[in-house]
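Notes follow the structure.
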Amino acid sequence: MSVTPPGTATPWIRIVEAPKHVGEIVELRGWVTHRRSSGKVQFLVLRDGSGTLQAVAGVKDISPEQWEASAAITQESAVILRGMIKADTRQAGGVELGMQSLEVVSAAPDYPITPKEHGVDYLMDHRHLWLRASRQQSILRIRAEIISAFRDFMNQEGFLLVDAPIFTPSACEGTSNLFETQYFDDKAYLSQSGQLYMEAAAMALGRVYCLGPAFRAEKSKTRRHLIEFWMMEPEWAFATLQDVIALEEKLLIYTVGRVLEQRAEDLKIIERDTSKLQKVLGPFPRIHYDDAVKMLHEAGIAFEHGNDFGSPDETELSNRYDTPIFITNYPAAVKAFYMEPDPNDPKLCLSCDCLAPEGYGEIIGGGQRMSSLEMLTSRIDAHGLPQSAFEWYKDLRRYGSVPHSGFGIGVERTLAWIAGLDHVRESIAFPRMLYRLTP
RNA sequence: UCCUCGGUAGCUCAAUGGUAGAGCAUUCGGCUGUUAACCGAAGGGUUGUAGGUUCGAAUCCUACCCGAGGAGCCA
């Protein structure tokens with residue numbers, strides 16, 4: 001047992017480190033989440049962002065003034081506690097703090113979020129405080145782990161981070177879903193994808209990716225949609241559709257593995273059924289669009305060949321598997337202008353969407369990009385887009401055009417799936433949604 | 001934009017045409033091991049807004065506002 005020598009400051013530790021300090025006098029700094037008392041014994045549950053811990057004080061353990069202060073402490077008041085870390089099998093973390101002193105940094109009157117349940121509207125209005133809930137903290141930790149995993153994986157695979165611009169001069173894929181903003185005397189739009197810029201960067205650096213926000217002015221109001229969301233977009237020169245599908249598969253297996261390994265505590269706190277994540281091992285099914293349509297027909301679903309899949313169709317397909325699935329070779333008509341045509345069927349294109357299991361829907365969209373200047377020019381016309389806006393993009397086909405492929409993976413949808421969230425609104429600290437811009 | 005559901009105390013909800021209630025939160029009191037502690041007491045209401053029907057409306061009707069889920073579109 002180590003005791004802090006007299007004359008030295010009590011070491012400030014974080015709650016997550018507490019089990020390593022059993023028998024030591026330490027200082028904890030945090031916020032009170034619950035207070036219970038039994039007349040002559042008081043219990044304060046403290047959180048400090050790294051975890052929660054119960055602190056105990058008998059009436060003789062602390063000064064009468066501190067005892068009074070402790071008795072009057074309110075939820076979310078900020079405190080500094082000093083005392084001894086003790087092993088206690090009754091506690092979730094196995095330890096508690098035997099309080100020896102309490103200092104109130106800041107008292108919090110009438111904290112709006114109580115330990116009882118609240119409605120969605122109320123919680124969203126108090127999102128800035130809701131983040132303090134242990135479940136929300138765990139989700140944000142898992143989010144950070146996923147983003148680290150994405151970047152570590154891409155770096156390991158030899159891809160270089162290149163940041164794409166947020167202000168863009170015009171529509172990449174039509175203006176209806178773009179946010180318009182003032183750019184001095186001109187107009188600019190908030191980026192809905194960094195892909196075209198990544199194609200340019202890939203021609204410079206071979207393998208690149210960007211990771212940043214995307215903005216879509218879609219009037220979508222479902223549990224899968226945010227107006228502002230984060231996306232990672234790798235772009236890979238000389239790669240084919242099959243190359244990029246294999247990369248996506250490896251990325252997802254790596255990311256799920258990292259979360260299972262590094263964020264096991266958080267998965268437990270949010271009560272995620274991890275047995276479903278354990279099954280996320282390759283290979284994932286690759287299903288040709290034509291076969292997917294047949295599967296829907298066999299399931300008795302009226303679906304017209306040539307259309308894009310709706311959410312119920314995607315759910316029907318992905319529910320047949322425990323792992324994510326790839327749907328490949330969509331009709332060119334339902335995909336963006338830059339998709340490379342399928343050499344086996346000119347009506348289809350070399351595209352691929354990845355659908356997450358458990359009904360979470362599309363988490364990745366990607367494919368092989370068009371490399372022919374002539375064909376790209378005609379597709380831009382066919383989509384009614386102005387050639388002038390794409391002259392720089394067409395330069396990529398004029399000067400050393402090569403087959404290349406890439407994809408975009410949505411951070412929030414990937415997190416919603418891995419964490420088993422009911423709604424993407426919990427997958428980002430401050431969600432921007434239709435009709436909700438504050439806090 | 002369309003479809004469906006909802007709006008009652010600070011919060012979560014009950015009251016289905018006849019005196020607006022409960023739990024939690026708050027305040028006060030009790031309790032030496034509590035785990036969303038427990039026990040007792042108190043305060044707390046223009047039932048989303050505006051009309052209408054009725055002897056009487058939280059409840060029925062109309063319009064509007066706000067929220068939620070879904071469709072379309074997308075990651």
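Order of the sequence lines fixes the chain letters, A, B, ..., with proteins taken first and strands second; residue numbering starts at 1 for each chain. Note that the structure is predicted; figures quoted are calculated from it, not measured.
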Quick one: which protein N/O atoms are closer than 3.5 Å to N/O atoms of nucleotides 1-10 of chain B? Pair and distance per line, please.
| residue | atom | partner | partner atom | Å |
| --- | --- | --- | --- | --- |
| B:U1 | O4 | A:K219 | O | 3.3 |

Results of side-chain contact (heavy atoms from CB on, under 4.5 Å) for [X] - residues two or more places apart only:
X	answer
A:A246	A:R286
A:D48	A:R14, A:I15, A:S50
A:D163	A:L161

Closest to side chain of [X], choosing from [options]:
X	options	value
A:R224	B:G33, B:C11, B:A71	B:A71
A:R436	B:A75, B:A68, B:U34	B:A68
A:H34	B:U34, B:G67, B:A36	B:A36
A:R216	B:C74, B:G33, B:G69	B:C74

| task | State plainly whether the residues A:E340 and A:R369 are in salt-bridge range, i.e. N to O under 4.0 Å. | result | no

Hey, does the side chain of [X] come within less than 4.0 Å of [N]'s phosphate (OP1/OP2), counting only N and O?
X	N	result
A:R35	B:U26	no
A:T222	B:A71	no
A:H126	B:C11	no
A:R36	B:A36	no

Any strand counts, and the cut-off is 3.5 Å on both contacts for Watson-Crick or G-U wobble. Which nucleotide pairs with [N]?
N	answer
B:C73	none
B:G6	B:C66
B:A25	none

| query | Can you list every ring-ring contact (aromatic ring centres under 6.0 Å, His included) pair that touches residues 420-439 of chain A, not counting sequence neighbours? | reply | none

| Residue pairs fulfilling ring-ring contact (aromatic ring centres under 6.0 Å, His included) with at least one residue in residues 121-143 of chain A, sequence neighbours excluded | A:H118-A:Y122, A:Y122-A:H126

| message | Without decimals, in angstroms, what is the distance between A:M433 CE and B:G67 C1'? | response | 11 Å

| field | Heavy-atom donor-acceptor pair, A:S37 side-chain to B:C31 base, under 3.5 Å | value | yes

| query | Among A:Q195, A:H383, A:Q368, A:E199, which one satisfies side chain to side chain donor-acceptor pair (under 3.5 Å) with A:Y338? | reply | A:Q195

